[in-house]
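Only a predicted model underlies this, so the values are computations on that prediction, with no experimental measurement involved. Throughout, protein chains are lettered first and strands after them, A, B, ... in sequence-line order, and every chain is numbered starting at 1.
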Amino acid sequence: MFNDIIVRNFSNPTHAAELVQSTNTIELGNPVCGDRIKVQLNIQDGLILQAAYAAWGCATSLATGNVFCQKIQGTSVADVCNLSKEEIDKMLGDLEPAQHHCLEMLHNLFAKLQQTFHA
Amino acid sequence: MFNDIIVRNFSNPTHAAELVQSTNTIELGNPVCGDRIKVQLNIQDGLILQAAYAAWGCATSLATGNVFCQKIQGTSVADVCNLSKEEIDKMLGDLEPAQHHCLEMLHNLFAKLQQTFHA
Amino acid sequence: MSIQGYFDYNATTPVCSEAINAFVNAAKAFANPSSKYALVKPVGAFLSEARESLCKLVGCATDELFFTSGGTESNNWALKGVFLREFTAAPGESAHIIISALEHSSILEVVRYLERTFHCEVSRLNPDNEGIISAESVLAALRPNTRVVSIMLANNEVGSIQPICDISRVLRDRNIHFHVDGVQAVGKIKVDAHMLGMDTLSFSGHKFYGPKGCGGLYIRRGVTLEPLIHGGGQERGYRGGTEAVAMIVSMGAAAKLASEQLDENLQRFAQYSDLLRKQLTQKVPTVVFNGPKNLSMQVPNTLSICIPGIRAEALAAILDNLNGIQVSLGSACSNNKTMSLSHVLLSMGLTDEEVKSTLRVSVGLYTQEEDIKFFTDAVANAVSILNRISKPVSEDHVLTT
Amino acid sequence: MSIQGYFDYNATTPVCSEAINAFVNAAKAFANPSSKYALVKPVGAFLSEARESLCKLVGCATDELFFTSGGTESNNWALKGVFLREFTAAPGESAHIIISALEHSSILEVVRYLERTFHCEVSRLNPDNEGIISAESVLAALRPNTRVVSIMLANNEVGSIQPICDISRVLRDRNIHFHVDGVQAVGKIKVDAHMLGMDTLSFSGHKFYGPKGCGGLYIRRGVTLEPLIHGGGQERGYRGGTEAVAMIVSMGAAAKLASEQLDENLQRFAQYSDLLRKQLTQKVPTVVFNGPKNLSMQVPNTLSICIPGIRAEALAAILDNLNGIQVSLGSACSNNKTMSLSHVLLSMGLTDEEVKSTLRVSVGLYTQEEDIKFFTDAVANAVSILNRISKPVSEDHVLTT
Ligand SMILES: Cc1ncc(COP(=O)(O)O)c(C=O)c1O
Ligand SMILES: Cc1ncc(COP(=O)(O)O)c(C=O)c1O
Ligand code: FES
Ligand code: FES
């Protein structure tokens with residue numbers, strides 16, 4: 001069963017969209033279950049103006065994409081890079097054991113985003 | 001569980017008594033369970049004037065003694081000797097499998113009575 | 001708890017009010033059935049009546065029916081009971097067991113246990129792509145040391161009905177025990193154990209509106225099994241344990257109802273199935289139905305639906321949380337390392353992607369005709385949400401694993 | 001059904017209204033606990049609450065408690081589960097099992113099965129003449145290949161309480177599994193599994209005002225058993241089968257009540273026991289009480305009564321049919337060839353005649369103080385009827401077997 005955060009995000013995925021203008025793209029796949037998330041970003045002057053995603057996967061991973069976009073849109077890249085592991089851990093709420101690999105995906109999304117800027 | 005005939009006969013054993021004057025005595029024991037029945041008879045001119053019994057055993061065998069006495073008291077020896085197996089089979093009513101050896105005891109009582117006269 | 005959205009009657013059924021009332025009634029006759037006093041009489045009468053209702057539903061005589069704690073115990077008992085009745089600790093020829101790959105975990109796990117602990121040989125027969133095991137395939141799998149064959153009567157995921165009569169015929173003269181898991185069939189389709197000809201047949205009360213945790217096993221007259229639960233001589237010495245009197249009586253009440261309503265329900269569910277197929281095909285044109293093409297070989301309450309390109313798990317989550325609709329899945333993401341995919345669907349030859357896109361819809365006693373529209377509308381809506389999330393992703397990306 | 005004459009609470013107990021109501025309530029939350037949708041939440045909550053109530057009654061943690069279909073299944077599981085977890089079909093050293101001669105048939109028959117099928121060695125320890133097994137006798141019976149010891153906590157026929165703590169201490173460091181049949185103890189006397197120190201402990205709901213056909217097994221953390229019922233991963237993979245939700249919840253309600261009322265009941269039943277002893281001694285002066293002299297070693301609700309010269313079976317029949325009183329017997333005439341005499345009483349050294357003259361009286365929640373007088377009067381009356389039937393027989397005749 002899903003917690004409220006997950007339910008809200010997969011049943012009303014506010015950031016599910018394709019950006020016409022994007023500066024960066026992050027892609028992620030889970031080899032075990034085949035889940036995929038693709039996030040498009042529009043970043044100007046270190047500010048994430050827009051984040052949108054597409055995904056194919058389980059409900060939790062669909063929610064994960066939306067949670068990620070919602071978190072980072074309107075934030076500065078610097079702030080995002082400063083997020084601690086603990087803060088990210090909390091973003092999806094309480095998860096059942098079988099849902100934990102979505103948290104891994106979320107961490108990976110943040111890691112990829114950080115890589116984009118430290119590269 | 002016991003049928004009505006058995007219940008009536010063990011809870012109100014009308015023939016449980018010791019005869020002061022008796023002409024014959026029949027005794028019977030069941031080696032398996034140790035049940036015992038002793039029947040005293042007062043027979044005059046081929047007529048069973050009185051039948052009384054004492055017993056130690058299970059409820060069904062206590063009832064058996066009473067059923068036997070009630071059946072034969074006031075009857076002629078000749079009539080008793082003419083009773084068929086089927087008639088005796090019915091005297092205790094419907095029995096459960098575990099109660100069947102009381103029917104054997106009843107048959108044995110009749111057999112002993114008959115022996116007494118054919119001897 | 002609303003029942004309008006319940007489309008998972010194969011997982012379990014609501015307990016009918018007759019069964020609940022019967023429980024309450026019977027619980028008052030509290031004496032232990034093994035006791036010897038008059039207080040036991042009503043208890044005995046309750047049990048006899050329940051036994052008769054079940055016998056009628058299963059098509060057998062009262063001395064052939066044994067109560068258990070459910071379908072799983074019954075399946076365990078049948079397989080272990082046959083194996084262990086002739087087991088000798090001496091190392092001899094190992095026994096061979098044949099099952100279908102479609103079986104429920106309560107068969108699969110028992111066989112795995114017998115394999116692991118007693119080194120049995122096991123053959124697992126794949127069905128055809130409609131979910132049917134043929135008598136020929138059973139015949140072909142026989143070995144000189146085959147002791148047990150276990151094939152389910154109706155499959156829980158796709159509803160396919162197996163040719164039990166034919167298989168019985170193949171095994172009858174070979175002295176091979178034939179067990180049939182009837183859990184998804186008894187109470188739902190006409191079952192006549194004597195006509196079907198198996199040696200043992202399991203059933204479970206909670207699949208036909210009785211309480212969970214109560215079931216039984218038909219054992220053909222003349223067949224003996226080692227008990228699974230040894231004890232105080234209950235169930236004619238075959239299954240120890242103080243009888244679950246009130247539960248059994250409750251299941252009996254449900255069985256009585258199931259017998260009475262069987263024909264009517266079969267007709268009604270066939271209609272629903274037809275409506276479901278039509279409306280889904282119209283609202284989600286890509287939909288595919290798994291299972292027998294010949295609908296007389298499928299339990300009419302069961303429909304296995306594949307919507308290519310859609311992850312069923314996500315679809316079910318939306319149905320549950322937006323519409324209060326319950327369905328079952330062909331797959332579950334059980335942990336970080338593995339994805340569990342329905343062994344039933346895989347054995348029928350579906351691809352991993354198809355299995356991930358499959359959900360099971362099962363209707364029942366409390367399903368109303370209008371619920372079908374409610375359901376298919378909700379599915380169409382959920383599919384559109386999922387398409388909105390996945391559409392932007394480039395095609396080649398979506399399809400790569 | 002009147003309850004005033006019920007003196008057979010050790011056979012089974014009436015289902016308390018709390019347990020019946022709980023069943024009805026829980027039956028409405030019908031979803032299958034294994035399902036993944038929101039409809040399951042209340043079901044999960046029900047099960048958790050019940051599990052907690054049982055854990056409190058048994059004195060263990062929630063991950064140590066497993067639900068079963070009753071005491072018999074639990075006993076079967078514990079013994080077979082230990083034996084089979086290390087069984088290899090290869091012929092090796094046979095395992096040795098120690099049990100007491102006082103055990104219930106659900107232990108005795110399992111051991112007989114293991115003996116018959118797997119050639120286990122079995123020692124059956126006789127108790128002393130008060131029905132107690134000493135830790136010393138267990139120690140003395142140990143062999144290098146001893147794998148399991150099974151001793152009951154409280155005996156069902158004479159109420160003797162075994163020194164489980166001491167026996168645990170003897171077995172703890174020897175890596176020998178210690179199973180305890182707690183069916184006649186849990187819910188009746190204070191039980192704390194952790195303090196008692198056994199590895200497994202069985203219990204049964206119908207002995208403490210829950211429904212028949214529901215029980216459980218405590219398995220100490222760290223101990224593993226081969227499942228008895230393999231299946232779909234329920235009970236954390238240890239006991240297959242859809243959970244008997246409403247039954248478990250019903251048993252949970254009974255367990256809660258039992259915990260709350262334990263102290264009060266212990267006191268009350270001790271008083272009744274005292275009254276029974278006094279009144280019987282007065283009205284039937286020849287009466288003898290079997291079991292522990294030290295009353296703290298006896299479950300206070302249980303009294304084993306011997307009336308020399310009286311056949312208990314006949315006495316019970318009169319009590320039942322004239323007074324509507326229910327008691328249990330130490331013997332039964334089961335067929336033409338054999339007389340079954342209580343193995344418990346025989347193991348304590350009673351003679352055949354004494355066993356035939358013994359009946360068990362057990363009181364419970366619904367026994368009122370005035371029922372004691374009603375009972376002892378009825379016994380006195382029945383004894384006089386029986387004396388009237390047997391008196392005329394000459395003394396030597398009566399006493400010969
Ligand atoms: C000591 C003892 N163990 C086990 C059992 C069996 O429990 P159940 O009746 O739940 O199968 C009983 C009662 O019948 C018992 O008295
Ligand atoms: C085909 C099949 N067999 C066996 C079972 C197990 O029955 P129960 O849930 O009563 O243990 C089920 C259902 O769970 C089933 O669908
Ligand atoms: S199913 Fe594996 S991340 Fe969703
Ligand atoms: S107990 Fe054997 S005849 Fe009565």
Exercise for the section: Run the numbers on C:Asp181 and C:Ser150 for side chain to side chain contact (heavy atoms under 4.5 Å, CB included), then give the verdict. Expected result: CA-CA 7 Å; C:Asp181 176 350; C:Ser150 185; 5.5 Å; no
Practice task
Could you give me the CA-CA distance, side-chain angles and deciding distance for D:His179 and D:Asn75, then say whether side chain to side chain donor-acceptor pair (under 3.5 Å) is met?
Solution key: CA-CA 8 Å; D:His179 173 62; D:Asn75 284 337; 2.9 Å; yes
Problem - Chi angles and distances behind the ring-ring contact (aromatic ring centres under 6.0 Å, His included) call for D:Tyr6, D:Tyr366 - result: CA-CA 9 Å; D:Tyr6 195 65; D:Tyr366 307 108; 9.5 Å; no
Exercise for the section: Check the pair C:Ser35, D:Gln326 against side chain to side chain donor-acceptor pair (under 3.5 Å), reporting the backbone distance first and the verdict last. Expected result: CA-CA 9 Å; C:Ser35 293; D:Gln326 294 82 34; over 6 Å; no
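Inter-residue side-chain proximity for D:Arg360 and D:Phe7 is flagged as unmet; no heavy-atom pair is nearer than 4.5 Å. Using a 4.5 Å heavy-atom threshold, the side chains of D:Ile20 and D:Ser250 count as separate.
Scanning both residues, C:His230 and D:Lys80, for their nearest heavy atoms gives ND1-NZ, 2.8 Å. Between C:Ile318 and C:Ala382, the closest heavy-atom pair is CG2-CB, 3.7 Å. Closest non-hydrogen pair, D:Asp320 versus C:Ala38, comes out as OD2-N, 2.9 Å. Here the shortest heavy-atom pairing between D:Leu217 and D:Phe203 reads N-CE2, 3.9 Å. Annotation for D:Pro33 and D:Val43: closest pair CG-CG1, 3.9 Å, computed over non-hydrogen atoms.
Looking at D:Tyr37, the atoms closer than 4.5 Å to chain C (heavy atoms on both sides) sit in the backbone and in the side chain alike. Residue C:Ala246: no heavy atom, backbone or side chain, is found under 4.5 Å from chain D. For D:Leu228, the parts lying near chain C are the backbone and the side chain together; criterion is any non-hydrogen pair under 4.5 Å. Contacts of D:Asn32 with chain C are made by both backbone and side-chain atoms, with heavy-atom separations under 4.5 Å. Only the side chain of C:Arg116 comes within less than 4.5 Å of a heavy atom in chain D; its backbone stays farther off. Both the backbone and the side chain of D:Ala27 come within less than 4.5 Å of a heavy atom in chain C. Within the 4.5 angstrom heavy-atom criterion, no atom of D:Arg112 approaches chain C. Using a 4.5 Å cut-off between heavy atoms, C:Val327 contacts chain D through its backbone alone, with no side-chain atom that close. D:Ser328 does not touch chain C: none of its heavy atoms, backbone or side chain, sits under 4.5 Å away.
Of residues 232-242 of chain C, those residues with a non-hydrogen atom less than 4.5 Å from any non-hydrogen atom of chain D are, in numerical order, C:Gly232, C:Arg239, C:Gly240, C:Gly241, C:Thr242. Contacts with chain C (heavy atom to heavy atom, under 4.5 Å) involve these residues of residues 207-216 of chain D, listed by number: D:Pro211, D:Lys212, D:Gly213.
C:Ile97 contributes atom CD1, which lies 6.5 Å from atom CZ of C:Phe83 (distance to the nearest 0.5 angstrom).
Counting heavy-atom pairs closer than 4.5 Å to chain D, the top residue among C:Ala11, C:Ala244, C:Pro14, C:Gly70 is C:Pro14. Note on C:Val245, C:Ile229, C:Ile325, C:Val24: by heavy-atom pairs under 4.5 Å with chain D, the leading option is C:Ile229. With chain D as partner, the option from C:Thr12, C:Asn76, C:Val15, C:Thr13 having the largest number of non-hydrogen pairs under 4.5 angstrom is C:Asn76.
Of the options C:Glu115, C:Glu121, C:His119, a side-chain hydrogen bond (donor to acceptor under 3.5 Å, both in side chains) to C:Ser94 is made by C:Glu121 and by none of the others.
By the 30° and 60° cut-offs, the orientation of the rings of D:Tyr113 relative to D:Phe118 is perpendicular.
There is a side-chain donor-acceptor pair under 3.5 Å between C:Ser69 and C:Glu73.
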